[in-house]
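Notes to accompany the following structure.
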Amino acid sequence: MRTIIMTTALLAAGLAGPALADDSDSRCAPSADGRTFAASAVSKGLEDSGYRVSRIKAEHGCYEVRAVNDSGFPIKAVYAQATGELVRARLR
């Protein structure tokens, strides 16, 4: 019984791996109707959260944002232009 459970869990994890390996390019694809989320709305959302935005650059269907939080830590975030969804964020 234990072997069956372990095998099922490993198989499920193996099949889910490719689905979890979603890269930013597919999430930054243009919307079907061609609409884009305004860069000013992304900037305003970050500023309302306490970040000071230093740069927003549109590239490959994404907004690349550089900002600094209240503690002075710089971040780099990527938002999808079509939806305004956060794709990736990390400390610089």
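The first residue of the sequence shown is numbered 1, and numbering continues consecutively from there.
Scanning all heavy atoms of the two residues, the minimum distance from Ala82 to Ala29 falls at CB-O, 3.7 Å.
Of the possible polar contacts, none joining the Thr36 side chain to the Gln81 backbone as a donor-acceptor pair under 3.5 Å is found.
Distance check: Cys62 SG to Glu85 CD gives 9.5 Å after rounding to the nearest 0.5 Å. Note that SG of Cys28 is 8.5 Å distant from CD of Glu64, once rounded to the nearest 0.5 Å.
Among pairs with a residue in residues 43-53, those fulfilling side-chain hydrogen bond (donor to acceptor under 3.5 Å, both in side chains) read Ser43-Glu47, Lys44-Asp48, at least two apart in sequence or across chains.
No option in Val87, Ile56, Leu86 other than Leu86 meets the side chain to side chain contact (heavy atoms under 4.5 Å, CB included) test with Tyr79.
Residue Val42 is grouped with residue Val53 when hydrophobic side chains (ILVMFWY) are merged at heavy-atom distances under 4.5 angstrom, including chains of intermediate members. Under the 4.5 Å side-chain heavy-atom criterion for grouping Ile, Leu, Val, Met, Phe, Trp and Tyr, Phe37 is not connected to Val78 through any hydrophobic cluster.
The 12-atom threshold is exceeded at CZ of Arg55, counting heavy atoms of other residues, nucleotides or ligands nearer than 6.0 Å.
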